[in-house]
Protein chains: 2
Amino acid sequence: MASGEGEVMRNKQVIFRDYVTGNPKESDMYVTDSSTIKLKAPQGSVAVLVKNLYLACDPYLRIRMGRIEGSSVFTSFTPGSPLSGFGVAKVLDSGHPEFKEGDLVWGTTGWEEYSLITEPEQLFKIHHTDVPLSYYTGLLGVPGMTAFVGFHEVCSPKRGDSVFVSAAAGAVGQLVGQFAKLMGCYVVGSVGSKEKVDLLKNKLGFDEAFNYKEEHDLDAALKRTYFPKGIDIYFENVGGKMLDAVLLNMRPHGHISVCGMISHYNLNQPQGFSNLTSLIYNRIRMEGFVVFDYFHLYPKFLDMVLPYIREGKIVYLEDIVEGLERGPATLVGLFSGRNVGKQVVLVAPAE
Amino acid sequence: MASGEGEVMRNKQVIFRDYVTGNPKESDMYVTDSSTIKLKAPQGSVAVLVKNLYLACDPYLRIRMGRIEGSSVFTSFTPGSPLSGFGVAKVLDSGHPEFKEGDLVWGTTGWEEYSLITEPEQLFKIHHTDVPLSYYTGLLGVPGMTAFVGFHEVCSPKRGDSVFVSAAAGAVGQLVGQFAKLMGCYVVGSVGSKEKVDLLKNKLGFDEAFNYKEEHDLDAALKRTYFPKGIDIYFENVGGKMLDAVLLNMRPHGHISVCGMISHYNLNQPQGFSNLTSLIYNRIRMEGFVVFDYFHLYPKFLDMVLPYIREGKIVYLEDIVEGLERGPATLVGLFSGRNVGKQVVLVAPAE
């Protein structure tokens with residue numbers, strides 16, 4: 001397929017319609033069959049032509065749907081062009097010496113059947129295929145690295161620490177909790193449904209879990225039930241009222257690793273905080289991090305996590321939806337808490 | 001005076017009336033002459049009987065006027081008892097082997113003419129009297145240590161860093177700015193009056209200063225005028241809208257040292273923040289600290305700062321009000337920004 005002139009194929013795409021404020025809707029995107037693509041890297045370029053297999057639905061995509069100014073991490077999507085995000089793909093043709101036809105890769109790709117990747121340096125070649133390929137959108141990709149970096153590198157955890165994780169059934173949260181358990185911490189997670197509470201306690205090995213929607217007084221719940229001695233480490237995924245309640249329950253010299261603040265991404269109004277002064281009284285270190293700064297640690301991460309996967313010591317949950325045309329609904333569902341575990345869109349099977 | 005039975009003296013006091021919500025008022029305290037005190041440490045005790053010379057008006061006193069629950073740093077004042085705070089005093093009698101009559105000390109004492117200090121271990125003996133004694137309520141006491149610790153220890157500054165200080169004419173802020181200049185940083189301060197702007201720029205050596213009350217768009221002011229390349233270090237004294245604007249202007253991997261959030265102390269309503277997610281995008285470390293954790297560094301601090309004082313390299317401003325009876329009005333004035341420099345109440349001259 002990659003030899004000769006390169007076949008010209010219809011290329012189904014999920015197009016970003018226009019900048020979003022508030023909650024994203026399905027109508028902020030549309031699916032079209034009107035494009036075609038030549039399955040060949042342009043002569044003389046270092047580009048790589050890939051067939052997309054899996055696409056990750058990540059909360060940060062909401063940020064890219066907004067109008068971003070001055071951020072050093074993310075750029076906005078371009079209205080009228082396909083969305084892009086992390087995915088797993090197969091190389092069909094390559095102008096880059098490090099990639100060849102048939103290679104499996106993960107990295108940033110388009111929300112479409114085929115993509116021409118003009119900066120293939122950002123792709124990671126997949127060497128271990130005895131684990132499910134879809135894992136490279138999650139456990140073995142950015143969410144896994146995010147959990148590893150945000151917990152092990154930013155929080156400096158110690159055996160016996162009390163660890164609280166919000167959005168704990170999400171792609172990152174479920175891994176933070178398990179990494180913490182594997183190093184001997186006490187771990188509590190907050191989630192948004194009874195089903196997810198059961199999941200954390202019965203399948204993922206969390207010590208405790210609760211549904212924040214059923215706790216009218218988050219401060220009291222944390223204080224009386226889950227952390228009577230306080231929280232050493234908070235892995236922050238949500239922001240808002242949860243952060244405000246956590247601030248009242250941190251132990252002195254505790255660490256807050258700020259991975260995300262999903263409750264803020266759709267906000268038009270400022271979120272009110274009452275308890276930021278706890279940072280002072282309790283000598284809290286609160287640190288934001290961006291996983292892309294830490295990719296030199298990816299081999300170290302694989303060395304830690306691959307044995308855990310092979311020995312069955314990590315439970316990893318995915319929610320795989322089939323078909324690119326279901327992409328918009330699946331992405332929108334992420335913000336209403338519909339999914340359990342990592343939300344993935346299957347574009348095409350590997351073979 | 002300290003020998004024999006000990007004279008019994010009238011002891012003027014500033015009494016705390018009841019727990020405060022919102023802004024403190026003069027009527028939350030009252031001055032009384034109705035108490036007497038025996039100028040002698042009780043037989044067999046390790047207590048120290050002191051004559052108070054200077055009392056510091058510090059913003060944190062507002063915290064102690066509220067009803068505090070569960071804080072590990074501060075305790076509430078007791079309604080019906082005198083306020084307490086940092087001060088400079090002279091020992092009249094001592095049951096403690098490390099203190100003797102005539103010693104000058106600084107540490108926590110009562111808002112009254114004479115105090116019996118039952119835990120003298122927390123007092124610091126004053127060895128250097130070639131500098132004004134009142135400095136031990138400020139530059140050479142807790143505010144000085146706070147500036148030193150919060151800037152040098154928490155922020156890890158480097159020559160050439162861009163440093164922003166809020167409440168920059170206050171006891172701590174004016175020192176942070178000068179310490180930063182002394183190590184070759186670019187320094188901007190925010191204050192609440194034109195008079196203070198002039199002070200910072202013309203007397204304290206700040207590179208720039210502005211009156212936040214005249215800036216309707218703090219974000220734009222920081223971005224366009226003061227920090228076009230962003231802020232490396234923010235020394236946080238105020239919280240609120242200023243913090244929210246600063247978050248939009250931090251450089252990647254910047255540090256925020258949270259010393260105080262004076263705008264929050266009197267708040268009954270939560271403060272709205274829009275820009276906390278900047279912690280993530282810009283990989284910011286925001287760290288609260290409490291100076292009391294760092295007092296083992298006091299000798300190191302004196303070694304640094306005493307030569308600066310003697311060489312005239314530090315400008316230190318005090319606002320000394322005479323008379324304990326003016327204590328309540330002076331303390332209340334602190335929260336309306338009346339004072340310029342460290343607010344001190346002179347209770348009695350040293351001799």
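So you know, we letter chains A, B, ... as the sequences are listed, proteins then strands, and number each from 1. Everything numeric in this text was worked out from a predicted model, so none of it was measured.
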Considering only heavy atoms, which portion of [X] lies under 4.5 Å from any heavy atom of chain A: side chain, backbone, both, or neither?
{"X": "B/L248", "answer": "neither"}
{"X": "B/L276", "answer": "both"}
{"X": "B/H253", "answer": "side chain"}

- Item | Centroid-centroid under 6.0 Å between B/F295 and B/F124 rings |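 Yes: the rings meet the under 6.0 Å criterion.
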
- Message: Looking at every heavy atom in both A/T137 and A/P143, which two are closest together, and how far apart are they?
- Response: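 For A/T137 and A/P143, the tightest heavy-atom pair comes out as O-CD, 3.5 Å.
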
- Query: Does any heavy atom of chain B fall under 4.5 Å from the side chain of A/L243, the backbone, both, or neither of them?
  - Reply: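 For A/L243, the contact with chain B is made by the side chain alone.
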
- Message: List the residues meeting side chain to side chain contact (heavy atoms under 4.5 Å, CB included) with A/E208, not counting sequence neighbours, and say none if there are none.
- Response: A/Y186, A/V188, A/K201, A/Y226

- Task: Any salt bridge (Lys or Arg N to Asp or Glu O under 4.0 Å) involving residues 222-236 of chain A? Give me the pairs, sequence neighbours left out, ordered by first then second residue.
- Result: A/D219-A/K223, A/D232-A/R251

